[in-house]
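Please read all numbers here as calculations on a predicted model, not as lab measurements. Lettering of chains follows the sequences in order, A, B, ..., and the numbering in each one begins at 1.
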Number of protein chains: 2
Amino acid sequence: MKEKPVDRRTLRTKKLLRQALVELMEEHGLERITVSQLTERADVNRGTFYLHYKDVIDLLQQIQEEVLGKLSELGDEIDVRDLMRAAERDEPYQAIVRILELWQRNADFCGLMLGPRGDPSFVLRVKGLMQAKLFDKLSDMIPPEQQDKLQVPREYLIAFVSSANVGVLQHWFASGCRQTPREVALIMTRLINYGPLASTGLVKSGGSSKP
Amino acid sequence: MKEKPVDRRTLRTKKLLRQALVELMEEHGLERITVSQLTERADVNRGTFYLHYKDVIDLLQQIQEEVLGKLSELGDEIDVRDLMRAAERDEPYQAIVRILELWQRNADFCGLMLGPRGDPSFVLRVKGLMQAKLFDKLSDMIPPEQQDKLQVPREYLIAFVSSANVGVLQHWFASGCRQTPREVALIMTRLINYGPLASTGLVKSGGSSKP
DNA sequence: CATTTTATTGAACATGTTGTTGATTATCGA
DNA sequence: TCGATAATCAACAACATGTTCAATAAAATG
């Protein structure tokens, strides 16, 4: 399953192109970027670009796949029951913290992708990863015979929560990653479990009580 | 403040180009679109395009401005107190319904912009409009001396809620606008006021109770 | 270290897009 | 009907594209 681009030269080239892409996207947005600009900025021969990528979008997508792959792996380690237990103790769930650390490690690229010059399809895929977990959680908490009686359609509930958490991520990056992954994880946990209003701490709420 | 492009010819041209843009963006995404494709699809001379727009992005942005302008006008008619009163009666707030009707009227363009081939900067500006209102609401509900004691930083709270609602919008469009604006407005109201968990209707919650 | 393998370079090519221009035609508003 | 103006058409140089090939540089290997 795993390929070997072990040659240091290709590694160097790809790093340079990735960096150049991030820079140029932050400056102009994806639409205005040309292969010529890209290779000039990266100080790489234009022909070399085509040895690795079909076009600018292909470059972008290959980087995305890399990040999303790792993200998906870490996501698989989430156990919904552990998450709920952590939430009850008002502690950040460790698996979530590790995911946020991954985000932080790729802050340059990820911050770009989630920002105004980013890629909506990337954001949608991130939401998709999240929704799989939320679906589990929901099915876990709600007995099947009651699934149809929700006050809000399940699909909208899931769309709401996943989008909300991506919003938290976006704000984290947009404001320069001032919080630690632990802090952000705690913020997310509180908002999901007790809802935005109750999370002000100013009104009472039943919160997450198991039936 | 208001210009007059009254000539039917320019109106026709702009309509055609807008339609062609939506079609091509849905097919290829913004990056791959060329002025040549655009004018060919719209059956308009290429030179004519440059009489109205600087480039493809300029075309996109002019349409965005139009929509965002109307959106902002309708947004100004929101009164936070009315909104909260409607929420307590579990009814959709009329001003929100009108806004959703505007979205629906421009479904082709708006659905595109909020979707996988859309424009993140547009989405951010929509969130921005929403955040202004949320800021009002928050300041309204919470006495100034308590603003620093929130369990979750205010900025994150706002990012969470605005992003969540845009997520609802996105799901509405992505699933083909099957609900009426009234229904969507009600979904939003419930989710904001009682939080995602309580909105399942399966756990009790204090909900929106004024201090 | 020497050798083989492979990535990168630089130049050239036809092709297509761009943004602009000037002359012409068609359509609009009055 | 008629003057104004928008749309068309053809042509332009400048630039980006995607591909090629020989030459060169730097890797991996024994």
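Taking atom CZ of residue A/R46 and atom C1' of nucleotide D/dT17, one finds them 6 Å apart after rounding to whole Å. Following rounding to the nearest Å, A/R32 (CZ) and C/dG19 (C1') show an atom-to-atom distance of 12 Å. Computed from coordinates, the A/N45 CG to D/dT20 P distance equals 15 Å when rounded to whole Å. In this structure, CG of B/L38 is placed 15 Å from C1' of C/dG19, rounded to the nearest angstrom. B/R12 has its CZ atom 11 Å from the C1' atom of C/dA26, to the nearest Å. Distance, A/L11 CG to D/dA26 P: 17 Å, rounded to whole Å. Rounded to whole Å, the distance from CG on B/D58 to P on C/dT18 is 14 Å. Separating the CD1 atom of B/I57 from the C1' atom of C/dG19 is a distance of 15 Å, rounded to the nearest angstrom.
Using a 4.0 Å heavy-atom cutoff across all strands shown, B/S36 reaches sugar-phosphate atoms only and no base atom. Among the heavy atoms of the strands lying under 4.0 Å from A/T34 are primed sugar atoms or P, OP1, OP2 only; no base atom is included.
With hydrogens and angles left out, the side-chain atoms of B/E23 and B/Q19 include a donor and acceptor closer than 3.5 Å.
Residues B/D79 and B/R81 are not paired through a salt bridge, judged by the lack of any N-O separation under 4.0 Å between the basic side chain and the carboxylate.
OP1 or OP2 of D/dA7 sits under 4.0 Å from a side-chain N or O of B/T13. Listed pair B/H52 / D/dA6 fails the phosphate criterion, with no side-chain N or O lying under 4.0 Å from OP1 or OP2. Using a 4.0 Å cut-off, some side-chain N or O of B/R8 falls inside it from OP1 or OP2 of C/dG29. At the phosphate of C/dT6, neither OP1 nor OP2 sits under 4.0 Å from any side-chain N or O atom of A/T10. OP1 or OP2 of D/dG18 has at least one side-chain nitrogen or oxygen of A/Y50 nearer than 4.0 Å. B/R9 has no side-chain polar atom (N or O) that falls below the 4.0 Å cut-off from OP1 or OP2 of D/dT8.
The side-chain heavy atoms of A/P120 and B/R117, taken from C-beta on, include no pair separated by under 4.5 Å.
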*Carefully, step by step, assess A/L102 and A/L74 under the rule side-chain contact (heavy atoms from CB on, under 4.5 Å).*
CA-CA 9 Å; A/L102 171 63; A/L74 288 181; 3.9 Å; yes

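Each of A/Q37 and A/G47 was assigned the nucleotide of DNA chain D with the nearest heavy atom; the assignment lying further toward the 5' end belongs to A/Q37. Along DNA chain C, the nucleotide closest to A/V44 and the one closest to B/D55 are compared, and the more 5′ of them pairs with A/V44.
Contact between A/D90 and A/L186 at its shortest, heavy atoms only, is O-CD1, 3.4 Å.
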